[in-house]
Every structure is written in C-alpha cells, then in structure tokens.
Q: 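Take this structure first; my questions come after.
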Amino acid sequence: MLKQFFILTLKGIRYRPTRSWLTIVGVIIGVMLVVIILSLGSGIQSAVSRTLQMFGSDLIIIFPGEETNPLVGFLGGQKFREKDLMALEDIPGVEFVMPMEVKIMNVEYKGEKKTVMIHAAPWKELIKIMESSQGVNLAKGDWPDNNQSNEIVLGYIAENSLFKNKVRIGDEIILKSKRMKVIGAVSEIGNQMDDNTMYISLDMFRTLTGTRQVAGSAFVKIASGADPNLVAKQIESKLDKQEVVQDFSVITPEKANALVGSVLTIVELAFILIAFISLLVGAVGIMNTMYTSVLERTKQIGIMKAIGASSDAILSLFLIESGMIGFVGGILGIILGVFIAFLVGLAAGDMGIGGLFSFAALDFYGFGVILIITFITGILSGIFPARKAAKMEPAEALRYE
C-alpha cells in the first residue's frame, strides 16, 4: 500500500511540475541558507581567530570611533595628536607606543597603476611589533633604518602578483609622485588585505600627505607580565583628558575576540531568521499547492472513494505528497548549499583566506535533522488540504467539473 502511495504521489507531482518545482524552490532557499551557515561557520571562526592572532596577545589597538565599526575608525578623518599617544608610554605596563596611519593610495610600477593599502609607522617600532608580536618576518631584503629615506617594504602579493611584472628588491615604485626604493618584502601572512599592503615610515607618509604630528591609530605594546585589561583602563582614562578625538576605542585581545564573536553571532542569527522566513514561505507555498491539487483532483478523489478508498487512505496520499515536496526541497537545498559553500571556500582561498570550507567538517547529522524538519514541515503544511480531500463525499466529488 505504501509503495502505491509513493507512486501516486510522484505521478501527482509530475502532473503539475511547474507549480510543484516553484513550491520546492521556497524550501530550497531556506535550507540552502542554513547549510551554508553550517558548512562555513567553523571555517569562518577559525579564519577570524587566525586573523586575531596576527594582532598579538601583547598588543592593544587604539583608533577613533566606536569599536563596533573599526574599519571606519581606521580609515576615517579623525586623528590623534602624536604627543597624546606618546604620553601613554608613561603608563606602567606600557613598553612602547607605535603611532600609525593606514590609507588607500595609488602606486605605479613600470607604467602600471594600482590602488593599495599603505601602512605607515616608525620603522623601529614597526619591526618590533611585526616580528615579535605578530610573527611576520622579512622574506627578502632588509628593513629600513632611516625614517627619512624614500624606502618601502612590500607585502607578499604586492611583491609577487599585484603588477604584471614582478617587483624586485632595488626597483622603484612611484607613490604619490614620489619615487620609493623597494628595500624589502615580508613573508606571506595569509590574508589578501595584509599581503597586499605596502609599508613606509610615518615621517615619509607625512611628507607625502602633508599631515603633521598626528596619527589615525596606534598599537600599544604591553610589557611582559602586565595585565592588558588594567593597562587598557589606564589608557582610556588618560585619553579621556585629550580634547581632539571625542570618541575612541581601546581594544585588547580579549575584547577583540568577544567583539568578533558577537558579530558572528549576529550574522548567524540574521541568516537563520532569513532561512526561517524562507521555510515559512515554502510552507505556505506547499499548502497553496496542495489546496490547488485537491481542487484539480476532486473527480479523481471521488473515483478513488467510489472504488473503496478510505478517508484515511486519501489523507495519507496527500500528506505523503506534501511531505515529499518538503523532503525533495531539503535534499536539493543541502546539495546546493554545500556547493555554494564550496565555491565560497575556493574564492576565499584565492584571496588568501584558507580553510574556510572543508568536506571533513560538514555536519551530516545536522543535514539529517534538516531533512526531517523539511519533511515534517511539508506534512504539517498539507494537513488542512489533505483533511479537506479526505472529507469529500464520493457523489459530490464525481459531479465536480
């Protein structure tokens, strides 16, 4: 009997393929979003953790603006006075302060122009932070030792693939109409933004841009054994007394982890909400399709009842059909979601963000739960149309035109 129900169900879906597939699409979208979250969630957290490790556990970051939007703070127009930042070195537990500027600028090499991120800081402090706190070393050449010289250090991508012609140590790059000698290149960091960065001294940056004795942000190196949270509170207290930047953020490694965790949670909740809405729309679509199916097959229902089919059999037939629509949508949603997550992982890998997607990390138990949920959703959506079909009187159904 069950086999016959499935055969009749498949025939019913094949009878109106366009409407059935449009209904299934609503389920596919919802399932696909959930699967993408499941497939990329652990990879995103790992990638973010690796990125946070680059900041170093002994560094505190200071920038203008709210901590919930650090990019705007780094690239915004507000600047700290350098003397206010350097005064932080008087705080117990602070080893040194590195004022810095980050700016997108145009560069030219052998007639080819590109836009890159320029990172400017005093060489001495920059070398200490990159090598001792961030674990980034030179792959070629040397670090500059003169803040007044026209020298530049390139990131891995900036050296190897940014321009058609590979940049070599000793070559010149034109930065804002000024010739800069390439003196070094750092090893590969692992993400596109950092690997595509070029480094110059803060003094040279000020010469190029015309700014004087200000800095957009700063790294504070914490002395060994000092409590970063206590030092951060003292930094906040001292910066509160300066009057140039009213809103600023002081981010410790612990706070950075918490901030990223909160952002990821919000993103996941947003995707889950969208997925829930899509599933709800899909459920409504299934219900609408089943109601239409009942009307279209009224005469067929009457014939089935006339030859002995019970109301329970009719009810089961339509419930299986609605459940199958949800189940098929779930299967296709899982396949499409994994495929899209795989493509996102490939694209992220090309941009230097590795390990975002892995087949080994797929949650097949979670996929099984998704299929059960979509099947149950289909059945629940078909209850009312199925009950309507089951309650039809044979004589009335046979007279239906």
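Remember, it's a predicted structure, so these values are computed and weren't measured experimentally. Numbers for residues simply follow the sequence, beginning at 1.
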Q: Can you tell me how far the CZ atom of Phe163 sits from the CG atom of Leu154, to the nearest 0.5 Å?
A: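 The CG atom of Leu154 is 8.0 Å from CZ of Phe163, to the nearest 0.5 Å.
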
Q: Looking only at heavy atoms, which two atoms of Thr209 and Thr211 are closest? And how far apart?
A: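 That closest heavy-atom pairing would be OG1-OG1, 3.1 Å.
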
Q: Where do Gly330 and Val27 come nearest, in terms of heavy atoms and distance?
A: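 Distance-wise, the nearest heavy atoms are N-CG1, 4.0 Å.
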
Q: If you define the side chain from C-beta out and look only at heavy atoms, does anything of Leu239 sit under 4.5 Å from Leu88?
A: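 Yes, close enough: below the 4.5 Å cut-off.
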
Q: Can you confirm whether more than 12 heavy atoms, excluding those of Phe96, are under 6.0 Å from its CZ atom?
A: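 Yes - once you tally the heavy atoms of other residues, nucleotides and ligands closer than 6.0 Å, there are more than 12.
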
Q: What's the separation between atom CD1 in Ile251 and atom OG in Ser217, rounded to the nearest 0.5 Å?
A: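 Interatomic distance, Ile251 CD1 to Ser217 OG, rounded to 0.5 Å: 12.0 Å.
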
Q: Taking C-beta and beyond as the side chain, do Pro64 and Phe80 meet within less than 4.5 Å on heavy atoms?
A: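 They are in contact (side-chain heavy atoms under 4.5 Å apart), so the answer is yes.
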
Q: Return the CD to CD1 distance between Glu151 and Ile173, rounded to the nearest 0.5 Å.
A: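 One gets 13.0 Å once the value is rounded to the nearest 0.5 Å.
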
Q: Which heavy atom of Pro99 sits nearest a heavy atom of Ala218, and at what distance?
A: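 Taking every non-hydrogen atom into account, CA-CB, 4.0 Å.
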
Q: CD1/Ile334 to CD1/Ile28 distance, rounded to the nearest 0.5 angstrom?
A: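 That separation rounds to 11.0 Å.
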
Q: Taking only residues two or more places apart in sequence, or in another chain, which ones meet Lys140 in a salt bridge (Lys or Arg N to Asp or Glu O under 4.0 Å)?
A: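 By the salt bridge (Lys or Arg N to Asp or Glu O under 4.0 Å) rule, Lys140 matches Glu159.
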
Q: Measuring only between side-chain heavy atoms, which start at C-beta, is Ile335 closer than 4.5 Å to Ile331?
A: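 When only atoms from C-beta onward are counted, Ile331 and Ile335 do touch, with a gap below 4.5 Å.
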
Q: Determine whether Lys181 and Asn150 satisfy the following criterion, side-chain contact (heavy atoms from CB on, under 4.5 Å), listing intermediate values before the conclusion.
A: CA-CA 6 Å; Lys181 183 178 179 180; Asn150 299 355; 5.9 Å; no

Q: For the pair Val31 and Val35, evaluate side-chain contact (heavy atoms from CB on, under 4.5 Å) and give the outcome as yes or no after the intermediate values.
A: CA-CA 6 Å; Val31 173; Val35 170; 4.0 Å; yes

Q: Going by side chain to side chain donor-acceptor pair (under 3.5 Å), name the pairs with one or both residues in residues 224-240, residues two or more places apart or in two chains.
A: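 Listed by first then second residue: Asn229-Glu254.
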
Q: State which residues pass side-chain hydrogen bond (donor to acceptor under 3.5 Å, both in side chains) with Asn137; sequence neighbours excluded, sorted by chain then number.
A: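 For Asn137 there are no side-chain hydrogen bond (donor to acceptor under 3.5 Å, both in side chains) partners, ignoring immediate neighbours.
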
Q: Can you sort out the partners of Val34 under side-chain contact (heavy atoms from CB on, under 4.5 Å), two or more places apart, ordered by chain and number?
A: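 For Val34, the residues satisfying side-chain contact (heavy atoms from CB on, under 4.5 Å) (neighbours in sequence not counted) are Leu38, Ala275, Ile370.
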
Q: When you measure from the side chain of Glu89 to the backbone of Val97, do you find a donor-acceptor pair of N or O atoms at a distance under 3.5 Å?
A: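 Side chain of Glu89 to backbone of Val97, a donor-acceptor pair under 3.5 Å: yes, one is there.
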
Q: For atom CZ of Phe327, is the number of surrounding heavy atoms from other residues, nucleotides or ligands below 6.0 Å larger than 12?
A: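 At most 12 heavy atoms, drawn from other residues, nucleotides or ligands, come within 6.0 Å of this atom.
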
Q: Side chains of Val220 and Ile61, heavy atoms from C-beta outward: is any pair under 4.5 Å?
A: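 Val220 vs Ile61: side chains apart.
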
Q: Roughly how far, to the nearest 0.5 Å, is CD of Gln213 from CE of Met86?
A: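 Taking CE in Met86 and CD in Gln213, the distance rounds to 11.0 Å.
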
Q: Glu172: which residues meet the salt bridge (Lys or Arg N to Asp or Glu O under 4.0 Å) condition with it, sequence neighbours left out?
A: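 Result, salt bridge (Lys or Arg N to Asp or Glu O under 4.0 Å) vs Glu172: Arg179.
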
Q: Tell me which pairs pass side chain to side chain donor-acceptor pair (under 3.5 Å) where either residue lies in residues 108-120, with sequence neighbours left out.
A: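 Residue pairs with at least one partner in residues 108-120: Asn106-Thr115, Tyr109-Asp171.
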
Q: Got Val102 and Ile118 here, is their nearest side-chain heavy-atom distance under 4.5 Å?
A: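 No. Closest side-chain heavy atoms not under 4.5 Å.
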
Q: So, for Ile189 and Asp195, which heavy atoms are closest and what is the spacing to 0.1 Å?
A: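 Result for this residue pair: N-OD1, 2.7 Å.
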
Q: Do Ile60 and Val250 have side-chain heavy atoms sitting under 4.5 Å apart?
A: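 Answer yes - side chains close enough.
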
Q: Quick one, Val182 and Arg168 - any side-chain contact, counting heavy atoms below 4.5 Å?
A: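 Counting from C-beta outward, Val182 and Arg168 never come under 4.5 Å.
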
Q: Could you list the donor-acceptor pairs under 3.5 angstrom formed between side-chain atoms of residues 196-206 and any protein atom two or more places apart in sequence or on another chain?
A:
from, atom 1, to, atom 2, distance (Å)
Thr197, OG1, Met193, O, 2.7
Thr197, OG1, Asp194, O, 3.4
Ser201, OG, Asn147, O, 2.7
Ser201, OG, Met204, N, 3.1
Asp203, OD2, Gln148, NE2, 2.8
Arg206, NH1, Glu82, OE1, 2.9
Arg206, NH2, Glu82, OE1, 2.9
Arg206, NH2, Val214, O, 2.9

Q: Could you list the residues that satisfy side-chain contact (heavy atoms from CB on, under 4.5 Å) with Ile36, not counting sequence neighbours?
A: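 Checked Ile36 against side-chain contact (heavy atoms from CB on, under 4.5 Å); matches are Met32, Leu40, Ile340.
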
Q: What residues form a salt bridge (Lys or Arg N to Asp or Glu O under 4.0 Å) with Lys128, not counting sequence neighbours?
A: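 Lys128 satisfies salt bridge (Lys or Arg N to Asp or Glu O under 4.0 Å) with no other residue.
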
Q: Tell me the closest heavy-atom pair linking Ile152 and Met180, and the distance in Å.
A: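 Shortest heavy-atom contact: CG2-CB, 4.0 Å.
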
Q: Run the side-chain contact (heavy atoms from CB on, under 4.5 Å) test against Arg81 and tell me which residues pass, sequence neighbours left out.
A: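 Here the qualifying residues are Lys83, Asp84, Val244.
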
Q: Can you measure from CD1 (Ile379) to CG (Leu319) and round to the nearest 0.5 angstrom?
A: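 The CG atom of Leu319 is 6.5 Å from CD1 of Ile379, to the nearest 0.5 Å.
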
Q: Taking all non-hydrogen atoms of both residues, which atom of Leu126 and which atom of Ala121 are closest, and how far apart?
A: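 In terms of heavy atoms, the two residues are closest at CB-CB, 4.2 Å.
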
Q: For Trp143, enumerate each residue passing the side-chain hydrogen bond (donor to acceptor under 3.5 Å, both in side chains) test, keeping only those at least two apart in sequence or located in another chain.
A: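 side-chain hydrogen bond (donor to acceptor under 3.5 Å, both in side chains) list for Trp143, sorted by chain: Glu131.
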
Q: Within a strict 4.5 Å, meaning less than it, do heavy atoms of the Met105 and Leu175 side chains meet?
A: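 Counting from C-beta outward, Met105 and Leu175 do come under 4.5 Å.
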
Q: Run the side-chain contact (heavy atoms from CB on, under 4.5 Å) test against Leu362 and tell me which residues pass, sequence neighbours left out.
A: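 side-chain contact (heavy atoms from CB on, under 4.5 Å) check on Leu362 returns Ser39, Val338, Phe357, Phe359, Phe364, Phe367.
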
